[in-house]
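As the structure is a computational prediction, the values presented were derived from the model and not from experiment.
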Amino acid sequence: MNINKMCFRQVVPALLFSLLCASSFSANADIEIRDESLFEAHQRFKTEIINDSFDNIDPPWEAPAEIFNVIKYPAKPGDMYAYLTPPPANKTTKLPAVIWLNGGYGGIGGDDYFWQPKPVDNDQTGATFRDPNMVLMIPSFRGENTNPGRYEMFYGELEDLESAREYLASLPYIDSKRIYVVGHSTGGTRALLASEYSDKFRAIFSLGGIPDLKLRAEGDMIVELPFDRNNEEEFNVRSVYRYIKSIKTPTFYFEGRDYFWNEFNELRAVAMVHDIPLKIYSIKNGDHFNIIVPVSKLIKDKILLDTDTTKESNIRFTNEEIKWINKQVR
């Protein structure tokens, strides 16, 4: 069974319930913030995968050619499937690229999900970034969509994401210095961890990621953990909170207030003390789903204006823009 399809359809009520339960956990869970970088932790610690969280039997379906090509990008375990928007007619222009990390489990799914219109209050397809002025890639990772390897849940997938970035950077029509990551839900957690694992992305945006996997696993999980939950270090090396000091790339987090984890208030304070380029926004009127489209529209506009690669990304979000998001989801 492809759990990713279920997440978008039948499992949404269960996901809503589990997210609400998760957001009610208390803050200050005595989580140690480490000076070791997340990349260094991956060099030191090797995860042991003992369970398959879902069946790895469904390749991605072919999409309409004018919307997506199904491609494979090279990664350490082997070639991985991805959706990629068609190359521009004028290949002499270098375009920015967005890697969209979808939510759910099981990969990039099948049927018509990523190319059919979805409700504006729950569009998890990344469609906002299907724009002629940028390239959109939606990758799958190890153990998904018949890809080689086993699903590792927020671990080896970070290495694959770096491989996806390298693939995009090799394309002649992409500006290798303007590759961005935007992720929602489980994809939002991958995005946050990616900001701690690599400093090669121009900027990273997380919509509704989680601060710490162990806290999340105390609630109902849609899929089984693929590693031994009795090994504390397996959780530690998948914890955004523990490795917050690793962030060197401008990183932005958004979540609707009712789904907002209190731990992100603590992380905001840590980021200020240590001058970490992480900005955290709680959308007063938003939820886990209806913030996706308005936040994505702002992100897209800012990416298109973020052209001076001789300097750090100039992307910032003003108070007025956060108020604008609130008006869109009211």
- Side chains of Phe141 and Asn147 in contact at under 4.5 Å (non-hydrogen atoms): no
- Please determine if Glu144 and Arg190 form a salt bridge, counting it only when a charged side-chain N lies under 4.0 Å from a carboxylate O. yes
- Ignoring hydrogens and geometry, is there a side-chain-to-backbone donor-acceptor pair from Asn56 to Thr146 under 3.5 Å? yes
- Message: Tell me if the aromatic rings of Phe205 and Phe252 count as close, with their centers under 6.0 Å from one another.
- Response: yes
- Item | Geometric class of the Tyr155/His42 ring pair [parallel <30°, tilted 30-60°, perpendicular >60°] | parallel
- Side chain to side chain, Met80 and Lys72, heavy atoms closer than 4.5 Å: no
- Going only through I, L, V, M, F, W and Y residues with side-chain contacts under 4.5 Å, is there a path from Ile49 to Phe54? no
- Would Tyr83 and Trp100 count as a close aromatic pair, with their ring centres under 6.0 Å? no
- Task: Please report the C-alpha distance between Glu266 and Arg268 in whole Å, then the side-chain angles of each, then the deciding distance to 0.1 Å, and finally whether the salt bridge (charged side-chain N to carboxylate O under 4.0 Å, His left out) criterion is met.
- Result: CA-CA 5 Å; Glu266 299 172 15; Arg268 183 189 287 114; over 6 Å; no
- Message: Using the rule given for salt bridge (charged side-chain N to carboxylate O under 4.0 Å, His left out), can you reason through Arg142 versus Glu157, listing the C-alpha separation, both sets of side-chain angles and the distance that settles it, and then say yes or no?
- Response: CA-CA 6 Å; Arg142 60 186 66 188; Glu157 295 85 2; 5.9 Å; no
- Query: So do the side chains of Arg34 and Lys245 get within less than 4.5 Å of each other, counting heavy atoms only?
  - Reply: no
- Query: Aromatic ring centroids of Phe264 and Tyr253 under 6.0 Å?
  - Reply: yes
- Task: Compute the centroid of each ring, for Phe227 and then for Phe235, and state whether the two points are separated by less than 6.0 Å.
- Result: yes
- Item | From CA spacing to verdict: salt bridge (charged side-chain N to carboxylate O under 4.0 Å, His left out), Lys76, Asp160 | CA-CA 7 Å; Lys76 187 173 181 179; Asp160 300 339; over 6 Å; no
- Can the positive tip of Lys302 be found less than 6.0 Å from the middle of the six-membered ring of Phe317, inside 45° of the ring normal? yes
- Aromatic centroids of Phe68 and Phe114 separated by under 6.0 Å: no
